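These numbers were taken from a predicted model, which means no experiment stands behind them.
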Amino acid sequence: MDDKKKCADELLLEIKKLRAENKNLTSLLENSETGIQTSLSAISHELRNTLTLLVGSARFLEQDHPEIVSDKSWHSLWTDLLHMQTFLMDLSSFRSMKNISLSKRLCDLNFLLNEICRDCQSLFDGVHKRLIVLCPKTPTVLYADGRKLMHVFTNLIKNGMEALDDTGTVSVHVREASEKEAASIGRETIAVEVKDTGIGLSGEQLEKIFEPFYSEKSDGTGLGLPIAQTIIKAHSGQLTVASSPGKGTVFTVLLPKLLPDTDTASPSPSGKETTA
């Protein structure tokens, strides 16, 4: 009995040590993450300031010397400046995703998607490259942050367009979720598929596609999809992808439907703030 008690006491002592070590490691990790966030904020701030000066100088130079726009290097310069602006905006959005807050309002998902597709039509020529939206005739009402959902679907549509070759289609389709999809959310669910007929993705690409800073595009930031996934998760939904080389890609967004007891005050078709 004495041996068993001794073993039990030693085991309890080890457990206490492990708990203490775990607490210390958790504290170190939290401090490390805070330090990283602070460093990213400082670096991002300095880069934005420098970039603003560069863009201003470039615009003044262009005004004083209009002939410079014909130089092929000038176009490359602006491309690089605009890429850096996009990267810093995405980086700022990515940092804010850690403590994401949603401004939820009643919105009609069909109205929202039609509005997004109308704005994105300029990316397609309507002949060789087309954007199609398929929504039910009756409203699909959600309690959501319309602005953040616009960010998600605009990103998915642009990704689909960039995946096309010389010809192809990007379609946005609102449908009822399958039983399996609804079960994964745990309640009544609506599904939105953003499908392209583009080049498709390999298995290796699919494994990395939601990793921050991973991008196959020369001008990509690798933050668009991680941000989109975070926004959908914050809505208690899911963002999944299915693809294979040469057969296109399908992103599926699952969002919970409006609960019967949800507050129905101040509805807005797009889910965006409206002022009188």
Side-chain angles (χ1 to χ4, degrees), residues 36-101 103 112-131 145-166 170 194 196 198 211-231 270-275:
I36 291 171
Q37 291 294 322
T38 302
S39 298
L40 280 175
S41 296
I43 293 169
S44 179
H45 178 73
E46 289 301 319
L47 285 175
R48 280 200 303 271
N49 287 343
T50 303
L51 184 61
T52 299
L53 293 173
L54 285 172
V55 170
S57 297
R59 292 196 188 283
F60 281 126
L61 186 60
E62 192 174 284
Q63 290 173 8
D64 293 340
H65 302 279
E67 69 279 3
I68 200 173
V69 298
S70 61
D71 191 303
K72 62 180 181 181
S73 298
W74 190 248
H75 174 72
S76 297
L77 173 66
W78 272 111
T79 299
D80 291 340
L81 288 174
L82 293 175
H83 170 67
M84 183 58 72
Q85 280 186 323
T86 300
F87 176 76
L88 289 175
M89 285 190 294
D90 283 352
L91 182 61
S92 178
S93 297
F94 180 68
R95 287 190 295 105
S96 66
M97 288 297 109
K98 185 175 178 63
N99 298 307
I100 185 173
S101 61
S103 298
L112 183 72
L113 291 172
N114 275 293
E115 195 175 45
I116 294 168
C117 289
R118 183 197 63 203
D119 293 340
C120 289
Q121 282 293 348
S122 60
L123 302 173
F124 301 79
D125 60 23
V127 179
H128 303 292
K129 296 182 179 182
R130 297 189 303 152
L131 174 61
D145 188 323
R147 290 189 183 279
K148 286 188 170 63
L149 288 185
M150 286 187 78
H151 180 99
V152 170
F153 289 111
T154 299
N155 181 275
L156 295 179
I157 290 169
K158 286 182 177 179
N159 281 351
M161 184 277 297
E162 291 169 356
L164 300 179
D165 288 321
D166 294 332
V170 175
V194 180
D196 68 69
E211 291 180 7
F213 306 109
Y214 172 77
S215 178
E216 293 285 334
K217 296 180 287 187
S218 59
D219 60 346
T221 65
L223 293 174
L225 287 175
I227 291 171
Q229 187 180 54
T230 302
I231 291 172
S270 65
K272 298 182 288 186
E273 293 288 341
T274 56
T275 57

Any idea which heavy atoms bring [X] and [Y] closest together, and the distance?
{"X": "Gln121", "Y": "Leu131", "answer": "NE2-O, 3.4 Å"}
{"X": "Asp119", "Y": "Ser122", "answer": "O-OG, 3.7 Å"}
{"X": "Leu123", "Y": "Met161", "answer": "O-CG, 4.0 Å"}

How long is the span from the CG atom in Leu149 to the CG atom in Asp145, to the nearest 0.5 Å?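 Answer rounded to 0.5 Å: 6.5 Å.
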First locate atom CG of Asn159, then atom CD of Glu162, and finally report the distance between them rounded to the nearest 0.5 Å.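 So the CG of Asn159 and the CD of Glu162 are separated by 6.0 Å.
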Dump the intermediate steps for side-chain contact (heavy atoms from CB on, under 4.5 Å) on Leu112 and Met150, then the final yes or no. CA-CA 7 Å; Leu112 183 72; Met150 286 187 78; 3.3 Å; yes
Restricting to side chain to side chain donor-acceptor pair (under 3.5 Å), what partner residues turn up for Glu62, sequence neighbours left out?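 So Glu62 forms a side chain to side chain donor-acceptor pair (under 3.5 Å) with Trp74, Trp78.
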Tell me whether Thr154 contacts the main-chain N or O of His151 through its side chain, where contact means a donor paired with an acceptor under 3.5 Å.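 No; judged by distance alone, with no hydrogens or angles, the pair does not exist.
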Is it true that a side-chain atom of Asp196 and a backbone atom of Val170 form a donor plus acceptor pair closer than 3.5 Å?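 No; judged by distance alone, with no hydrogens or angles, the pair does not exist.
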Between Ile227 and Val152, does the side-chain contact (heavy atoms from CB on, under 4.5 Å) criterion hold? Intermediate values first, please. CA-CA 8 Å; Ile227 291 171; Val152 170; over 6 Å; no
